[in-house]
Peer 1: 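Structure in structure tokens, see below.
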Amino acid sequence: MDVLTNESYLSPWIEDLPFSWETFQQLGQKMLLKKHEYLFHQDQPTDHVYIVVEGRIRLFITSPSGDEKAIVIIGKNGLIGECGIFNIPSYNSSAITASNASVIKVPKHSFEAAMKDDYHITKQILIIMDMKNRILASHTMMLSSYSAVQRICYTLLQLVHTYGKKTKMGDVIDLRFTHQELANLVGTSRVTVANTMKMLEKEQILAKVDSKYVITDVKQLEKWVITSF
């Protein structure tokens with residue numbers, strides 16, 4: 001059984017990307033940010049694009065009633081705010097730090113000029129935009145078809161595929177994350193995430209070793225994804 005399709009392999013955590021943004025170190029300004037600081041707000045005019053140097057940035061959208069839905073968490077070498085420079089000149093989401101972070105803040109006009117002059121930069125931008133598009137497609141599928149427990153299990157499978165390392169214990173997810181981060185991404189409460197993780201541990205599908213999660217039985221986790229709760 002293969003629960004994940006080619007389009008849904010990507011984890012909603014994008015970390016340690018193999019990209020080079022050296023050009024923007026001279027064109028932009030480095031900023032040090034504390035946890036819970038905003039870089040920009042949804043629908044705000046696009047003035048800058050941001051390169052993540054360290055830490056994590058959470059992108060989310062807000063409904064007219066004020067409900068928030070996390071889209072993706074961007075880590076080292078990630079790119080934020082690029083969508084607003086191509087068509088509608090505003091950010092299509094809000095961006096807030098999920099940890100202490102450092103970013104390079106690049107003026108929109110400098111970013112566009114660098115794209116015109118360097119195909120390698122343009123290709124990297126297109127790759128990360130494609131990654132975000134695939135993650136959005138996965139979110140749409142999960143929210144329309146899966147319960148909260150299924151969404152949690154599905155996201156764990158994505159994390160295994162993206163960051164998993166095989167060991168004697170099982171597949172170690174080589175990425176630290178909190179219950180709150182997972183809850184934000186799958187659209188449920190932290191309590192639901194905590195209870196689900198406990199159930200998975202009780203069923204010997206999941207374990208936690210040295211602050212990292214280990215999937216001890218991937219096949220059983222896949223069964224949980226296709227089982228209604």
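Everything quoted here is computed from the prediction, not taken from an experiment.
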Peer 1: Would you say that Gln124 contacts Ile128 through its side chain, given a criterion of any heavy-atom pair below 4.5 Å between the two side chains?
Peer 2: no
Peer 1: Show, in sequence, the C-alpha distance, side-chain angles and deciding distance for Lys212 and Asp174, and conclude whether the salt bridge (Lys or Arg N to Asp or Glu O under 4.0 Å) test is met.
Peer 2: CA-CA 7 Å; Lys212 292 184 179 180; Asp174 194 22; 2.2 Å; yes
Peer 1: May I have the list of side-chain donor-acceptor pairs in residues 60-75 shorter than 3.5 Å, sequence neighbours left out?
Peer 2:
| unit_1 | atom_1 | unit_2 | atom_2 | d |
| --- | --- | --- | --- | --- |
| Ser63 | OG | Ser65 | N | 3.4 |
| Ser63 | OG | Ser65 | OG | 2.9 |
| Ser63 | OG | Gly66 | N | 3.4 |
| Ser63 | OG | Asp67 | N | 3.0 |
| Ser65 | OG | Asp67 | OD2 | 3.3 |
| Lys69 | NZ | Leu185 | O | 2.8 |

Peer 1: Taking the side chain from Gln44 and the backbone from His41, do they hold a donor-acceptor pair closer than 3.5 Å?
Peer 2: yes
Peer 1: Strictly distance-based, threshold 3.5 Å: is any side-chain N or O of Asp171 a donor or acceptor partner for the main-chain N or O of Gly164?
Peer 2: no
Peer 1: Taking the six-membered ring for Trp, are Phe19 and Trp21 parallel (under 30°), tilted (30 to 60°) or perpendicular (over 60°)?
Peer 2: perpendicular
Peer 1: Counting only N and O atoms by type, is there a donor-acceptor contact under 3.5 Å from the side chain of Ser110 to the main-chain atoms of Val106?
Peer 2: no
Peer 1: Do Leu156 and Leu221 make a side-chain contact, defined as non-hydrogen atoms from C-beta onward lying under 4.5 Å apart?
Peer 2: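 Contact flag for Leu156/Leu221 side chains = yes.
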Peer 1: Examine distances only and state if a side-chain atom of Tyr163 and a backbone atom of Glu15 form a donor-acceptor pair shorter than 3.5 Å.
Peer 2: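 Checked: pair present.
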Peer 1: If you measure only the distance, is there a donor-acceptor pair under 3.5 Å linking the side chains of Gln158 and Ser138?
Peer 2: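 Yes.
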Peer 1: Are the charged groups of Lys30 and Glu54 less than 4.0 angstrom apart, N to O?
Peer 2: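 No, this pair does not count.
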Peer 1: Would you mind telling me which of Ile205, Asp217, Ile152 makes a side chain to side chain contact (heavy atoms under 4.5 Å, CB included) with Trp224?
Peer 2: Ile205
Peer 1: Determine, step by step, whether Val209 and Met169 satisfy the side chain to side chain contact (heavy atoms under 4.5 Å, CB included) criterion, reporting the C-alpha distance in whole Å, the side-chain angles of both residues, the deciding distance to 0.1 Å, and the verdict.
Peer 2: CA-CA 10 Å; Val209 180; Met169 297 178 292; 3.9 Å; yes
Peer 1: When you measure from the side chain of Thr97 to the backbone N and O of His36, does any donor-acceptor pair fall under 3.5 Å?
Peer 2: yes
Peer 1: State whether the side chain of Trp13 and the backbone N or O of Leu175 hold a donor-acceptor pair below 3.5 Å, judged by distance alone.
Peer 2: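 No; zero donor-acceptor contacts below 3.5 Å.
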Peer 1: Under the side chain to side chain contact (heavy atoms under 4.5 Å, CB included) rule, what do Phe40 and Ser94 come out as? Steps first, then yes or no, please.
Peer 2: CA-CA 6 Å; Phe40 52 79; Ser94 297; 5.6 Å; no
Peer 1: I'd like to know whether CD of Gln204 has more than 12 heavy-atom contacts from other residues, nucleotides or ligands below 6.0 angstrom.
Peer 2: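 Atom CD in Gln204 is not crowded, with 12 or fewer foreign heavy atoms closer than 6.0 Å.
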Peer 1: Around Lys208, counting heavy atoms of other residues, nucleotides and ligands shown, do more than 12 lie under 6.0 Å from its NZ?
Peer 2: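 Yes, NZ of Lys208 has more than 12 neighbouring heavy atoms, counting only those of other groups under 6.0 Å.
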Peer 1: For Asn77 and Val52, run side chain to side chain contact (heavy atoms under 4.5 Å, CB included): C-alpha distance rounded to whole Å, both residues' side-chain angles, the deciding distance at 0.1 Å, then the answer.
Peer 2: CA-CA 5 Å; Asn77 286 335; Val52 182; over 6 Å; no
Peer 1: Just wondering, do Met129 and Phe86 contact through their side chains at under 4.5 Å, heavy atoms?
Peer 2: yes
Peer 1: For Lys76, does the NZ atom have more than 12 heavy-atom neighbours from other residues, nucleotides or ligands under 6.0 Å away?
Peer 2: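 Count not over threshold, so no.
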Peer 1: Taking the basic N atoms (NZ, or NE/NH1/NH2) and the acidic carboxylate oxygens, is any pair closer than 4.0 Å for Glu181 and Arg58?
Peer 2: no
Peer 1: So Lys132 and Leu59, do their side chains get closer than 4.5 Å, heavy atoms only?
Peer 2: yes
Peer 1: What do the steps show when you test Ile96 against Leu39 for side chain to side chain contact (heavy atoms under 4.5 Å, CB included), and what is the final call?
Peer 2: CA-CA 6 Å; Ile96 190 171; Leu39 278 76; over 6 Å; no
Peer 1: Is a side-chain N or O of Thr196 found less than 3.5 angstrom from the main chain of Thr192, in a donor-acceptor match?
Peer 2: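 Answer holds: yes.
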Peer 1: Counting only heavy atoms from other residues, nucleotides and ligands, does the tally under 6.0 Å from CG of Leu136 exceed 12?
Peer 2: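 Correct, the count exceeds 12.
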Peer 1: Under a 3.5 Å distance rule, please check whether Ser11 uses its side chain to pair with a backbone N or O of Thr162 as donor and acceptor.
Peer 2: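 Checked: no pair found.
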Peer 1: Quick check: does any side chain N or O of Ser144 sit under 3.5 Å from a backbone N or O of Met141, one acting as donor and the other as acceptor?
Peer 2: yes
Peer 1: Has Thr46 got a side-chain atom pairing as donor or acceptor with Ile85's backbone, closer than 3.5 angstrom?
Peer 2: no
